[in-house]
Amino acid sequence: MSNQAPSAARGPSADNATFEPRIVAFVCNWCTYTGADLAGTSRIQMASNVRILRLPCTGRIDPLFVMKAFERGADGIIVSGCHPGDCHYIVGNFHARRRFRVFRELLDFLGVDPERITFSWVSASEGGKWAQVVNDTTRRIREMGPMESWPRASTALDDDLHG
Amino acid sequence: MKELQDLARRLLLEGRVDIVIGYQQGPRGVRPSFVTRPEQADALIFDERCVHNLVTYLSPRRAHLAAWPRRAVVVKGCDTRAVAVLLRESHIDREDIVLIGLRCGGVHRSAEASGPLTAESVAFRCADCSIREPELVDHLLGDPRPAPPGNSRLAERIGQLESMSHEQRREFWNNEFSRCIRCHACRQVCPMCYCERCIADKTRPRWIESSAHLRGNTAWNMIRAMHLAGRCVGCGECGRACPVGIPLGLLNRKLAMVVDEHFDYRATDDPEVPGPLGSFRSDDAEEFIV
Amino acid sequence: MARIGVFVCHCGENIARTVDCARVAEALADHPGVEFSTDYKYMCSDPGQSLIKQSMKEHRLDGVVVASCSPHMHEKTFRKAVSAAGLNPFKCEMTNIREHCSWIHEDRAAATEKSTDLVRATVERVKYNQALSPITIPITPRALVIGGGIAGIQAALDIADAGREVVLVEKEPSIGGHMSQLSETFPTMDCSQCILTPRMVDVAQHPRITLHSFSEVDAVDGYIGNFDITIRKKARRVDEDLCNSCGACMQACPTRKIPSEFDAGLGTRTSIYVPFPQAVPNVPVIDEPNCLYLKSLARRRKSKKPARSRKPVCQRCVKACGPKAIDFQQEDRLVTEKVGAIVVATGYRLYDIGREQDEPGISGYGEYGYGKVPDVIDGLQFERLMSASGPTGGELRRPSDGKVPRHVVFLQCIGSRDPAKGMEYCSGICCMYTAKHVLLFKHKVHNGRATVFYMDIRAAGKGYDPFTRQAMEEPGVQYLRGRASELYRDGDVVRVLGVDTLSQEAVDIKADLVVLATAIRPQKGIQDLTRKLSVSVDHHGFMNEAHPKLRPVETATAGVFLAGACQAPRDIPDTVAMASAASSKVLALLSRDELEREPQVALVDTANCSGCFHCERACHYGAIEHEEIKDGQGRLIRVVARVNPGVCQGCGSCVAACLSNCIELQGYTDDQIFASIQAI
């Protein structure tokens, strides 16, 4: 997507009916990724707007990732990991919970609706819950419309930004 | 004044420290003073214009001070909280430093101010400050002071911003951040910004774009606020140093309010208190999580 | 420029039905850095893997992306294939377009577009994948077993018999644990001590087992393969080497009325004592708070007055001891042991229903009169009353007046399955041991009556159900479904008021003895030990296994294993099975000189680390060490963080905590994540 010109549906004038939000999900390997696998094995249908990036633990998820995803055109973000007490690394999700509490408040204060970020606990056995998180987030972001207020990176995969 | 100068002289003469960092009269108002020889100690002063947080000169990042590893520094009540964070974050050895505490009744917002302290001229952070005598110090000097006048308008301005819509707030900050010239004065002056290599200077990958345009500016100011959450002691030096006048204090104060409300943490002069990020409670509230 | 190969799998129809695999492969073919892109029906099949290997050679690929199922399914398969073709396995990544795409979407265009996005992100990521090699850690080929009950004994013997050294630590003066207190064991009714004692002796005589009895683990340092254990050997005040176990000291001791822990408070012992005749080691211990001499010393120290007389108080044991083994000067001693693996086998305790509770959520069962009415006892006390080595010599005599009880009431689920006042879990073993108690009682008192209050009968083990049935069908035995509401003493009987929920009738029984099947709880002080071991516990205090199904005897801390009731209520067969399972895990670990670990660990960029140690505070495993950077003259320049790869579990919490991002989690580096975010 990102190395193609933004389609008409993504333009600021697009009405919300045709707007397909782009949502990036940062999920932990052990609970939510496996829960999303289970949703697949159970053939639970869900919106196709979410792109999952796998990380070992929610404790690894840096607010930088969210910032960069917004810069690159994401309209919404999902951060999801193990329920408290179930973290594969015991406490990684507790650290994430504090970090994202602060980050959400900061975004809110900077004028970004924190509702653009879904934070969820989805265990390896909650395929159904994952589908619900995906669908709820997609519906909500679709209603909110494209993320226009964030200063976007306009160019394609700029290697110069990465060098 | 004399007791401060005498103490500085003695510390240098006795070889207890290599340098005394305090305040002196400059060509325009008060400026930081670096006294390495006993005879220079007479230049040291302390008054309502001494707004600078000199604890920033304790940070090991100050390479130009490396030649004087054992440092004495003049601190006000608010400044010692920055010392506490540096101690907590293993950045200074308490044995290596001497803290000269001055009783303080508030300072002007500007080091070039003149006249008595008024509700208009007082620094933001002083207005609701209750620390007249610094803690954690090795020497406590100066006469008892009355409480500073006025009340802080930071909380009021935060309230104003919060009453706006997201779009209005976004516009407000876009307007502020678009003026940022990425001089990084906020970082240079901050006692907490001691990283060997700042995240803004990391190039592989370059998380934060380095040129001065809104996208990189937003990223920089946002991530800096994030990095100061639960660490900022509210000295307001970043805002004072900013050449384009971005109200950085608002961001930091906002996050200080967040960590206070949710994690019951307030900037403290006790280095043993763990920071709010990096610690956690298993029953932290999580109403924002589905 | 990278030379990456993209292999899109159809998974038969599983992916191809909703994703246009050929189009995905085509779309990626033009992507910068992609050298070769293709699709195939089954990538995981032998021909599929050959296709990958072949293409790697033909196109000199330096990175491979397989778009197929979940990496949890086939990551190992494809990395192995890539490795076989001569590329570092970590240069291969998977994109999940089956579970995360084709199976959950019906719109072919959307699913194809999503697949393309996901594969592109993976391609960008692979450009930054580094070749990683497994980490090797040296291993100390010895094991520590904490707890000398049947679990610890079994684990220690299994490990030692296989040729590795074992250090066994037991906090009581003797090993044996709860099993040594039992009279018979269900469902076979063999005598507990008869089967346990030989194993205890085996432990004592094993050349490769070092037994530290009356000792506790004081500190645990290090990590898998390299633990440093500090053991506190509590002052026994009897020299283990000199003592010849003659027992003369106990004969001589004048303090004889101390409630015996081994007899669950029903019998008595002296203040210098061996807990039970078959104790291992069979060396007495002096009970400090009850010894007359030690008490007199303490009094003297307290009063600070000069000793009134030089004549020592008591010390009759010293006089009686031929080999002069008694040493009142002995103090606690710390010994250190190096081990490579740890088995925790700390067992359980019974829920103390009457006395004060140690947790706020538990209110006890004061209405059952336990501790006040002498003829209300718990299951372990009943075991002692039935045991030939018990306080009554195996005759069933009730505590109050020594009479043989004619009617015994058994109450099951006391404290178990009761979220309101006790624990919500089932203690697992009580249905079985109550049935055993009923049969033992009927064996000793032929015409006796037994009434059992139960909630459900849970007897799922081998031979368990016929056993409970046998108890139920015994003449004079009545199983009532329901609970007792109150117990009280009424003359020389205990009145049991309850309800039979099947007939909906209130019951009022005059019992001679009441036995409470109290809940199984973790050992007291377990949290102290789990903290030292960095092992987590559930909210009841039972230790958490690494995975409830697939890693039942491992913990989240590498090198620490679990056996028996420290993990959940367990009966003896399960405990022994678990102990053997844990020892096989230990032996697998100790069978090698070096341990190979996945290289997904954190690495500090020392040049840029500013030594704030935010990482240290974020690390749950204690993997962050302090490293001193010195100049040429050996002067300290600064202290930076270092990750111990043996301890690091690879969660990356330290990375997110690092303000200047100068720790990298290998396999999940900033470069890799950045690249995939940029592309997605």
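Protein chains get the first letters and strands the later ones, always in sequence-line order, with residue 1 at the start of each.
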**Student:** Name the region of C:Asn14, side chain, backbone, both or neither, that has any atom closer than 4.5 Å to a heavy atom of chain A.
**Tutor:** side chain
**Student:** Identify the two heavy atoms, one from A:Arg99 and one from C:Ala656, that lie closest to each other, and give their separation to 0.1 Å.
**Tutor:**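 Reported closest heavy-atom pair: NH1-CB, 3.2 Å.
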**Student:** At a heavy-atom separation under 4.5 Å, does A:Ala96 approach chain C through its side chain, its backbone, both, or neither?
**Tutor:** neither
**Student:** Considering only heavy atoms from C-beta outward, does the side chain of C:Ile677 approach that of A:Val24 to under 4.5 Å?
**Tutor:**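 The answer is no; the side chains never approach within 4.5 Å.
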**Student:** Quick one: are A:Asp37 and C:His100 in side-chain contact, heavy atoms under 4.5 Å?
**Tutor:**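 With C-beta onward as the side chain, the pair touches.
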**Student:** Measuring from atom OG of C:Ser102 to atom CZ of A:Arg43, what distance do you get when rounded to the nearest 0.5 angstrom?
**Tutor:**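 C:Ser102 OG to A:Arg43 CZ: 7.5 Å, rounded to 0.5 Å.
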**Student:** Considering only heavy atoms from C-beta outward, does the side chain of C:His72 approach that of A:Thr34 to under 4.5 Å?
**Tutor:** yes
**Student:** Verify, without hydrogens or angle tests, whether C:His105 (side chain) and A:Gln45 (backbone) share a donor-acceptor contact under 3.5 angstrom.
**Tutor:**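 No, the answer is negative, given that no donor and acceptor are paired below the 3.5 Å cut-off.
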**Student:** Sort C:Asp538 into side chain, backbone, both or neither according to what part of it lies under 4.5 angstrom from a heavy atom of chain A.
**Tutor:** neither
**Student:** What heavy-atom pair brings C:Tyr668 and A:Leu55 nearest, and what distance separates the two atoms?
**Tutor:**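 Smallest interatomic distance, heavy atoms only, reads CE2-CA, 3.8 Å.
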**Student:** For C:Ala546, is it the side chain, the backbone, both, or neither that has a heavy atom closer than 4.5 Å to a heavy atom of chain A?
**Tutor:** neither
**Student:** Check each atom of A:Ile44 against the heavy atoms of chain C and say whether the ones under 4.5 Å are side chain, backbone, both or neither.
**Tutor:**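 A:Ile44 touches chain C through backbone heavy atoms alone.
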**Student:** With the side chain counted from C-beta on, respond yes when C:Phe674 and A:Lys68 share a heavy-atom pair under 4.5 Å apart, and no when they do not.
**Tutor:**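 SC-SC contact between C:Phe674 and A:Lys68 confirmed.
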**Student:** Give me the atom names and distance for the closest heavy-atom approach of C:Ser653 to A:Gly92.
**Tutor:**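 Nearest pair, atom of C:Ser653 first, then A:Gly92: OG-CA, 3.7 Å.
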**Student:** Give, as side chain, backbone, both or neither, the part of A:Phe26 having an atom under 4.5 angstrom from any heavy atom of chain C.
**Tutor:** side chain
**Student:** Please give me the minimum heavy-atom distance between C:Gly650 and A:Pro56, naming the atom from each residue.
**Tutor:** O-CB, 3.6 Å
**Student:** Tell me, for A:Val50 versus chain C, whether the close heavy atoms (under 4.5 Å) come from the side chain, the backbone, both or neither.
**Tutor:**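 A:Val50 touches chain C through backbone heavy atoms alone.
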**Student:** Given the options A:Asn29, A:Leu64, A:Asn49, which has more heavy-atom pairs under 4.5 Å with chain C than any of the others?
**Tutor:**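 That would be A:Asn29.
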**Student:** Are any non-hydrogen side-chain atoms of C:Asn96 and A:Ile52 less than 4.5 angstrom apart?
**Tutor:**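 Answer no - side chains too far apart.
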**Student:** Check whether C:Arg98 reaches the backbone of A:Gly40 with its side chain - one donor and one acceptor, N or O, closer than 3.5 Å.
**Tutor:** no
**Student:** Quick one, A:Asp62 and C:Ile673 - any side-chain contact, counting heavy atoms below 4.5 Å?
**Tutor:** no
**Student:** Give, for atom SG of C:Cys654 and atom NE2 of A:His95, the distance between the pair rounded to the nearest 0.5 Å.
**Tutor:** 10.0 Å
**Student:** Should A:Arg54 and C:Glu75 count as an ion pair when the cut-off is N to O under 4.0 Å?
**Tutor:** yes
**Student:** Drop me the distance from A:Leu38's CG to C:Ser70's OG, to the nearest 0.5 angstrom.
**Tutor:**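 Going from CG on A:Leu38 over to OG on C:Ser70, the span is 11.0 Å.
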**Student:** Relative to chain C, which of A:Ala69, A:Gly85, A:Cys87, A:Gly59 shows the most heavy atom pairs under 4.5 Å?
**Tutor:**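 Result: the option with the highest number of such pairs is A:Gly59.
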**Student:** I'd like to check C:Asp107 versus A:Ser48 (side-chain heavy atoms, cut-off strictly below 4.5 Å). Are they in contact?
**Tutor:** no
